[in-house]
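For reference, the structure discussed in these notes is given below.
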Amino acid sequence: MAVTGWLESVRAAEKTALLQDGRRKVHYLFPDGKEMAEEYDEMTSELLVRKWRVKSALGALGPWQLEVGEPAPSGAGSLGPELIKENNANNSPGLNLVGLLQPIFLRKDTKMSFQWRIRNLPYPKDVYRVCVDPKERCIIVRTTNKKYYKKFSIPDLDRHQLPLDEASLSVAHANCTLIISYQKPKEVVAAESELQKELKKVKTAHGSDGDCKTQ
């Protein structure tokens, strides 16, 4: 029922689309005034960007809030207060150098999984503890050396009102990047397929033929 509800809200939204630089950019204006902007790879239909914007109580437009995609380099420092601070007793120059960099958190999905990457985390894989908190409906990342902590939700599951399952979670670490994957429930995969069918109905402007509110 919740999945159907989300699809219905998408269908009810006013939608415009623009094809530019190999990306299909779609802007949604929902009846409650919320805006959503998405960008898809033209060839594969892979979701590259999703962001949201809402109006304040006085009707002013707020800033775009990124849900999926890579943050702009200039905004990397505003993503949160997580800053790796090495212990002063640690005299390893390599770790101290990496430790000056702030972890960068971003989401980049695959067709079958939600996926997050946290860059600039130099510690070995066995230092990380990643788990699901069903009560708070979030994923928690912590390190045994107490150098990093973060928790984040999965908005897609919240929109579809689906539970979180620890068994769907997997973790990898390479090149100072922690990769967290969560297998998409079949309901989400089906809903995304239906959304693509819906988007095919939206008239798409091409390049200089028009503009889109996502710009």
Could you label the plane-to-plane angle of the [X] and [Y] rings as parallel, tilted or perpendicular, counting under 30° as parallel and over 60° as perpendicular?
X: Y28; Y: F30; value: parallel
X: Y128; Y: Y123; value: tilted
X: W64; Y: H27; value: perpendicular

Would [X] end up clustered with [Y] when hydrophobic side chains under 4.5 Å apart are linked, directly or stepwise?
X: V171; Y: W116; answer: yes
X: V68; Y: V10; answer: yes
X: I179; Y: L48; answer: no
X: F152; Y: L164; answer: yes

Point-to-point distance, once rounded to the nearest 0.5 Å, from [atom1] of [X] to [atom2] of [Y]:
X: K203; Y: L18; atom1: NZ; atom2: CG; answer: 13.0 Å
X: K146; Y: T144; atom1: NZ; atom2: OG1; answer: 10.0 Å
X: S45; Y: M43; atom1: OG; atom2: CE; answer: 9.5 Å
X: R24; Y: L47; atom1: CZ; atom2: CG; answer: 13.0 Å
X: R107; Y: Q115; atom1: CZ; atom2: CD; answer: 10.5 Å
X: C131; Y: L169; atom1: SG; atom2: CG; answer: 8.5 Å

What pair of heavy atoms forms the shortest contact from [X] to [Y], and how long is it?
X: K184; Y: V189; value: CB-CG2, 3.9 Å
X: R53; Y: G62; value: CD-O, 2.8 Å
X: A191; Y: L7; value: O-CD2, 3.6 Å
X: L157; Y: P185; value: CD2-CG, 3.7 Å
X: P122; Y: C176; value: CA-SG, 3.9 Å
X: V202; Y: A17; value: CG1-CB, 3.9 Å

Under 4.0 Å between a Lys/Arg side-chain N and an Asp/Glu carboxylate O for [X] and [Y]?
X: K15; Y: E38; answer: no
X: R50; Y: E192; answer: no
X: E46; Y: K108; answer: yes

Is a side-chain donor or acceptor of [X] paired with a backbone partner of [Y] at a separation under 3.5 angstrom?
X: N120; Y: Q102; answer: yes
X: E166; Y: V132; answer: yes
X: D21; Y: R23; answer: no

Check your understanding: Does CG belonging to N175 count more than 12 external heavy atoms closer than 6.0 Å?
Key ->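 Atom CG in N175 is not crowded, with 12 or fewer foreign heavy atoms closer than 6.0 Å.
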
Practice item. Verify whether one side chain among N145 and T143 offers a donor that lies under 3.5 Å from an acceptor in the other. Key: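 Yes, because at least one side-chain N or O of N145 sits under 3.5 Å from a partner of the opposite role on T143.
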
Exercise for review: Applying side chain to side chain contact (heavy atoms under 4.5 Å, CB included), run through I180 and I118 and close with a yes or a no.
Suggested key: CA-CA 8 Å; I180 304 167; I118 310 177; 4.3 Å; yes

Exercise for review: For side chain to side chain contact (heavy atoms under 4.5 Å, CB included), just list the numbers for I140 and Y149, CA-CA rounded to whole Å, side-chain angles, deciding distance to a tenth of an Å, and then say yes or no.
Suggested key: CA-CA 8 Å; I140 298 177; Y149 176 89; 3.6 Å; yes

Point to revise | With V188, the side-chain contact (heavy atoms from CB on, under 4.5 Å) member among H160, M112, R159 | key: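 Of the listed residues H160, M112, R159, the side-chain contact (heavy atoms from CB on, under 4.5 Å) partner of V188 is H160.
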
Check your understanding: Do E67 and D156 have side chains that get closer than 4.5 Å, going by heavy atoms?
Key ->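 A side-chain contact under 4.5 Å exists here.
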
Check your understanding: Under 4.5 Å between any side-chain heavy atoms of V49 and L66, yes or no?
Key ->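 In contact.
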
Practice item. Applying side chain to side chain contact (heavy atoms under 4.5 Å, CB included), run through D165 and Y182 and close with a yes or a no. Key: CA-CA 9 Å; D165 182 5; Y182 186 99; 3.7 Å; yes

Practice item. Could you go through the side chain to side chain contact (heavy atoms under 4.5 Å, CB included) check for H173 and V127 one step at a time? Key: CA-CA 10 Å; H173 185 268; V127 168; over 6 Å; no

